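Below: the structure, in C-alpha cells.
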Amino acid sequence: MKLIINIIIIMLIIAFALYLLIKTFQRGKQGKCAACDYDCELKKQLAKNKK
C-alpha cells in the first residue's frame with residue numbers, strides 16, 4: 001500500500017513539473033520573459049538605446 005501511495009505522489013510531482021515546464025515554454029514562444037512585469041536593468045538599457 002505504501003508503494004502505491006509513493007508512486008502516486010511521485011507521479012503528481014512529475015506531472016506538476018511538466019505542467020510548469022510547458023507553461024514556461026509557451027510563454028517563451030510569445031516573447032515574454034518571467035520578469036517582463038518588472039523594471040529591470042535590461043529594460044532600462046533597451047529604452048536608453050532606442051532613444
Side-chain angles (χ1 to χ4, degrees):
M1 189 66 178
K2 289 181 183 180
L3 179 65
I4 294 172
I5 293 171
N6 285 337
I7 290 174
I8 291 172
I9 291 171
I10 291 170
M11 288 174 58
L12 287 172
I13 292 171
I14 291 172
F16 184 66
L18 287 174
Y19 166 74
L20 290 178
L21 282 172
I22 290 170
K23 194 166 86 169
T24 302
F25 285 124
Q26 285 177 347
R27 281 187 190 162
K29 287 181 183 178
Q30 294 174 355
K32 290 192 170 192
C33 66
C36 281
D37 295 334
Y38 302 109
D39 192 26
C40 63
E41 290 297 321
L42 183 61
K43 279 181 141 179
K44 290 177 185 176
Q45 288 180 353
L46 283 172
K48 187 171 34 170
N49 287 337
K50 284 184 180 179
K51 290 181 180 179

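The figures that follow rest on heavy atoms only: side chains count, while hydrogens, waters and symmetry mates do not. Keep in mind it's a predicted model, so treat the numbers as computed, not measured.
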With a 6.0 Å cut-off (strictly less than), is the heavy-atom count around CD1 of Ile4, excluding the residue itself, greater than 12?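 Atom CD1 in Ile4 is not crowded, with 12 or fewer foreign heavy atoms closer than 6.0 Å.
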Nearest 0.5 angstrom please: Leu3 CG to Ile8 CD1, how far?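 The CG atom of Leu3 sits 10.0 Å away from the CD1 atom of Ile8.
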Any link between Ile22 and Ile14 through a network of hydrophobic side chains (Ile, Leu, Val, Met, Phe, Trp, Tyr) touching at under 4.5 Å?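 Different hydrophobic clusters.
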